[in-house]
Participant: 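The structure's right below; bear with me while I get my questions together.
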Amino acid sequence: MTGIDGCLAEAMTIPGARGAGLVDWTSGLTLGAVGEGPDGDHEAAAADAAELARLAFENGAFTRAGRAAGPVEDLVVTARGSYHLIRFVETAFDSSVFLYLWLDRAEANLAVALFRLKDLTARLVLA
Amino acid sequence: MTIAPGTDLASTPLARLAAEGATGALHGHAGALYLADGAVVHAESPVVPDVGRRLTAGGRLSAEAWEEAVAEGGPDYRAGRFLVEHGRLSRGELELCHLSALFDAAYFVLSPPDRSQRAPERFLKEARHWLGPVRPVPVPLLQRELCRRGDLLRRAWPWPEVDTAPVVPVPGAVPSGASGAGPTCGRRAVLEAADGVRTPVQIARALGRSAFATLLDVRRLAAAGLVRTPAPGAPAEGGPRARTPLPGPAPAAAVEVSLLYRIRDALEAL
């Protein structure tokens with residue numbers, strides 16, 4: 001893993017991956033992107049995904065539910081022909097970043113993709 | 001306080017330097033932007049927590065580890081690479097933390113909330129920053145992001161007075177008990193740090209947190225009626241803006257070294 005570019009290159013090896021990006025959800029800023037963006041536009045997709053991520057991350061109903069309260073880890077959006085996955089990156093300093101992955105639903109395996117995303121985001125910030 | 005809609009970004013000094021593929025530092029009253037081959041490689045502002053403050057505030061790095069990187073790597077303009085090569089940080093962590101600090105500082109350098117401060121215009125050719133390049137940002141991407149940030153602030157609460165005034169919580173406005181109706185994580189931390197004296201950027205510094213994210217939280221808290229919005233043009237409550245140093249651990253020696261670099265750059269830019 002060599003930083004953001006290495007992380008995104010590995011994300012593209014997940015079966016069914018069409019595009020991936022690292023996004024700051026405070027503003028919707030794209031820190032890096034590879035492959036295709038939905039509608040051919042990484043920045044627009046990042047802004048939409050960031051809005052969704054912020055709502056989920058900041059909503060007490062999700063973060064304080066159940067016995068083991070804690071931050072939201074993943075978001076899964078299923079759409080006709082696609083999966084859109086958001087995996088929050090946990091850092092030991094202030095940040096608000098997630099890894100976004102757009103998958104072709106016919107080729108992807110949702111469980112495998114979620115497992116790989118979790119591993120990728122952990123290794124991105126592992127010294 | 002933000003870049004006005006319709007501002008011709010192509011005519012700014014920054015856009016001209018980008019078009020020329022310039023290398024050097026663009027200095028202003030609110031900080032500096034460093035360019036390499038026309039791309040932005042670093043930004044710093046005294047009102048925005050820098051990379052060292054962000055990494056040490058939450059305990060990711062000890063003050064000593066940061067200080068060592070600045071002292072050992074700084075003279076060769078490679079303090080960032082020093083941290084990665086010595087296993088103190090992963091490359092990903094350095095990139096995420098540095099980009100966050102870069103966009104945060106650039107926002108305050110190019111559109112300072114204090115309107116008496118002008119945009120930067122003094123350019124020092126060939127100046128480099130001691131942290132070294134991490135992940136260069138193209139100027140058009142930076143400008144699009146700063147416009148988006150201005151829009152987010154306006155949409156959250158269109159009264160910029162809350163950006164520079166002390167943050168004063170409205171008594172009794174926060175529902176008691178940790179029910180779902182209260183403010184969320186980031187805003188809760190901002191509200192808890194609001195003592196009626198600190199301004200949003202002073203709260204950001206105390207928390208080692210993004211100054212822009214703190215401004216946005218303060219505007220959302222104001223929109224929700226949880227903090228006061230000062231009347232436009234009225235003197236801020238609490239008298240003159242507090243200049244007292246903030247509590248909290250400061251990596252003293254590292255601050256001194258980084259301050260020396262900054263003073264040197266500023267003197268050379270005169």
Side-chain angles (χ1 to χ4, degrees), chain A residues 1-11 21-33 41-44 46-48 50-51 53-65 69-72 88-99 120-127, chain B residues 49 51 53-61 83-84 86-97 99-101 103-104 107 134-135 137 141-142 144-153 178-189 204 207-210 212-217 220:
Chain A
M1 175 88 58
T2 49
I4 292 173
D5 291 333
C7 176
L8 292 175
E10 277 195 51
L22 207 63
V23 180
D24 187 320
W25 50 263
T26 298
S27 66
L29 164 69
T30 303
L31 300 175
D41 186 347
H42 279 293
E43 282 194 39
D48 289 349
E51 208 157 326
R54 189 175 69 77
L55 281 175
F57 196 84
E58 293 187 344
N59 196 311
F62 302 129
T63 54
R64 287 196 284 271
V72 173
F88 291 94
V89 180
E90 266 190 72
T91 57
F93 50 87
D94 174 66
S95 72
S96 55
V97 175
F98 63 80
L99 181 55
L120 272 177
T121 51
R123 281 192 292 124
L124 175 64
V125 295
L126 197 69
Chain B
V51 173
R53 177 74 190 137
R54 284 161 199 256
L55 291 172
T56 53
R60 177 61 188 88
L61 281 188
L83 286 168
V84 175
H86 287 74
R88 305 272 194 273
L89 281 183
S90 75
R91 172 144 197 93
E93 285 179 300
L94 177 66
E95 289 177 343
L96 293 183
C97 189
L99 283 172
S100 175
F103 281 97
D104 206 19
Y107 182 82
V134 178
R135 198 177 161 86
V137 174
L141 172 68
L142 180 74
R144 282 200 300 280
E145 173 63 6
L146 299 194
C147 287
R148 184 159 52 215
R149 290 183 177 207
D151 288 343
L152 279 170
L153 289 176
S179 71
T184 54
C185 40
R187 259 162 273 165
R188 187 179 292 274
L207 300 175
R209 187 163 180 267
S210 155
F212 170 76
T214 307
L215 283 191
L216 192 54
D217 279 337
R220 287 181 176 144

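In what follows, chains are A, B, ... by sequence order, proteins preceding strands, each numbered from 1.
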Participant: Under 4.5 Å from any heavy atom of chain A, what part of B/Arg209 do you find: side chain, backbone, both or neither?
Facilitator: both

Participant: In Å, rounded to the nearest 0.5 Å, how long is the span from CD1 of A/Ile4 to CZ of B/Arg91?
Facilitator: 8.5 Å

Participant: Is there a side-chain contact between A/Leu29 and B/Leu99, using heavy atoms and a 4.5 Å cut-off?
Facilitator: no

Participant: What distance separates B/Leu146 CG from A/Ser27 OG, expressed to the nearest 0.5 Å?
Facilitator: 9.5 Å

Participant: At a 4.5 Å cut-off on heavy atoms, which part of B/Ala57 comes close to chain A: side chain, backbone, both, or neither?
Facilitator: neither

Participant: Using a 4.5 Å cut-off on heavy atoms from C-beta on, say whether the side chain of B/Arg135 contacts that of A/Asp5.
Facilitator: yes

Participant: Side chain from CB out, backbone as N, CA, C, O: work out which of these in A/Val97 comes under 4.5 Å of a heavy atom of chain B, or both, or neither.
Facilitator: side chain

Participant: In terms of heavy-atom pairs under 4.5 Å with chain A, which of B/Gly208, B/Ser210, B/Gly92, B/Ser90 leads?
Facilitator: B/Ser90

Participant: Quick one: OG1 on A/Thr91 to CZ on B/Arg54, what's the gap to the nearest 0.5 Å?
Facilitator: 11.0 Å

Participant: Could you state the interatomic distance from CD (B/Glu95) to SG (A/Cys7), rounded to the nearest 0.5 Å?
Facilitator: 10.0 Å

Participant: Any non-hydrogen side-chain atom of A/Leu31 less than 4.5 Å from a side-chain atom of B/Leu96?
Facilitator: yes

Participant: Just how far is it from atom CD of B/Glu145 to atom CD of A/Glu43, taken to the nearest 0.5 Å?
Facilitator: 8.5 Å

Participant: Return the option, out of B/Gly87, B/Ser100, B/Gly58, B/Cys97, with the maximum number of heavy-atom pairs under 4.5 Å with chain A.
Facilitator: B/Cys97

Participant: Against A/Thr26, only a single residue in B/Asp217, B/Asp104, B/Leu216 fulfils side-chain contact (heavy atoms from CB on, under 4.5 Å); can you say which?
Facilitator: B/Leu216

Participant: Roughly how far, to the nearest 0.5 Å, is the CG atom of A/Asp94 from the CG atom of B/Leu55?
Facilitator: 10.5 Å

Participant: Where does B/Leu141 contact chain A at under 4.5 Å (heavy atoms): side chain, backbone, both or neither?
Facilitator: side chain

Participant: How close do A/Phe93 and B/Glu93 get, heavy atom to heavy atom, and via which atoms?
Facilitator: CZ-O, 3.5 Å

